[in-house]
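Order of listing sets the numbers, starting from 1, for every ligand and every atom in it.
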Amino acid sequence: MKKTIALIAHDGKKADMVAFVKDHIEDLKQGHIIATGTTGSYIQQTGLEVELKLSGPMGGDAQIAALAAEGKVHGIIFFRDPLGKHAHEPDIQMLMRISDLYNVPLATNVATGTLIIKGLL
Ligand SMILES: O=C(CO)COP(=O)(O)O
């Protein structure tokens with residue numbers, strides 16, 4: 001069964017996410033990739049197949065959290081912008097809480113994101 005990996009990046013980190021996807025595209029092709037809407041539309045430009053959820057501020061983080069709670073997401077790579085402020089901060093915290101509650105690996109930077117890919121794909 002393919003592992004489902006969620007990719008999410010705040011605006012200040014979207015370029016980093018695209019570079020990360022390009023660096024790991026062959027590994028990522030082994031999984032089922034989902035992403036929040038805007039992040040996903042950038043990732044699609046790399047040629048990687050991505051299932052798009054809603055944009056983060058419109059509920060995309062919450063959708064991914066719900067899937068994680070149902071055991072349908074096996075790893076989350078979430079490049080947060082430590083300098084940004086977000087109207088949907090409660091959703092972001094909820095996603096992180098759910099990943100801890102259900103023991104779903106969640107990476108917040110390139111180094112740990114690489115470990116998730118190497119461990120799961
Ligand atoms: O806001 C986000 C995560 O909290 C990301 O959402 P987008 O990928 O739609 O920009």
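Contacts between His10 and ligand 1, counted as non-hydrogen atom pairs separated by less than 4.0 Å, involve the side chain only. The side chain of Ile92, and not its backbone, has at least one atom closer than 4.0 Å to an atom of ligand 1 (non-hydrogen atoms only; side chain from C-beta on). Counting heavy atoms under 4.0 Å from ligand 1, residue Thr38 touches it through both backbone and side chain.
Heavy-atom distances between Pro57 and ligand 1 reach below 4.0 Å in at least one pair. Residue contacts with ligand 1 leave out Tyr42, since none of its heavy atoms falls under 4.0 Å from the ligand.
Residue Gly56 has at least one N or O atom closer than 3.5 Å to an N or O atom of ligand 1.
Closest protein heavy atom to atom 1 (O) of ligand 1: His88 NE2, 2.8 Å. Nearest non-hydrogen protein atom to atom 10 (O) of ligand 1 is Lys14 NZ, 2.8 Å. Of all protein heavy atoms, the one closest to atom 3 (C) of ligand 1 is Asp61 OD2, 3.1 Å.
Annotation for ligand 1: atoms under 4.0 Å from non-hydrogen atoms of Ser55 are 7 (P), 9 (O). Close approach of ligand 1 to Ile8 is summarised as follows: ligand atoms under 4.0 Å from at least one heavy atom of the residue are 3 (C), 5 (C). Atoms of ligand 1 found under 4.0 Å from any heavy atom of Thr39 (numbered from 1 in listed order, with element): 7 (P), 8 (O). Residue Ala9 has at least one heavy-atom neighbour below 4.0 Å for each of these atoms of ligand 1: 5 (C).
With Phe79 as the fixed residue, the side-chain contact (heavy atoms from CB on, under 4.5 Å) test singles out one of Thr39, Val110, Leu7: Val110.
Minimum interatomic distance between Lys29 and Lys2 (heavy atoms only, all atoms of both residues): O-NZ, 4.1 Å.
Side-chain contact between His32 and Ile5 is absent, with no heavy atoms from C-beta onward closer than 4.5 Å. Side-chain contact check for His74 versus Ile116: every heavy-atom pair is 4.5 Å or farther apart. Between Thr36 and Gln63, every side-chain heavy-atom pair lies at or beyond the 4.5 Å cut-off.
Tracing side-chain contacts under 4.5 Å through hydrophobic residues (I, L, V, M, F, W, Y), one reaches Ile8 starting from Tyr102; they form part of the same cluster.
Note: His24 and Phe20 have tilted aromatic rings, judged against thresholds of 30 and 60 degrees for the angle between ring planes.
Comment: Asp61 does not engage Lys53 in a salt bridge, judged by the lack of any side-chain N to carboxylate O separation of less than 4.0 angstrom. With respect to the salt-bridge test (charged N to carboxylate O, under 4.0 angstrom), the residues Arg97 and Asp100 do not qualify.
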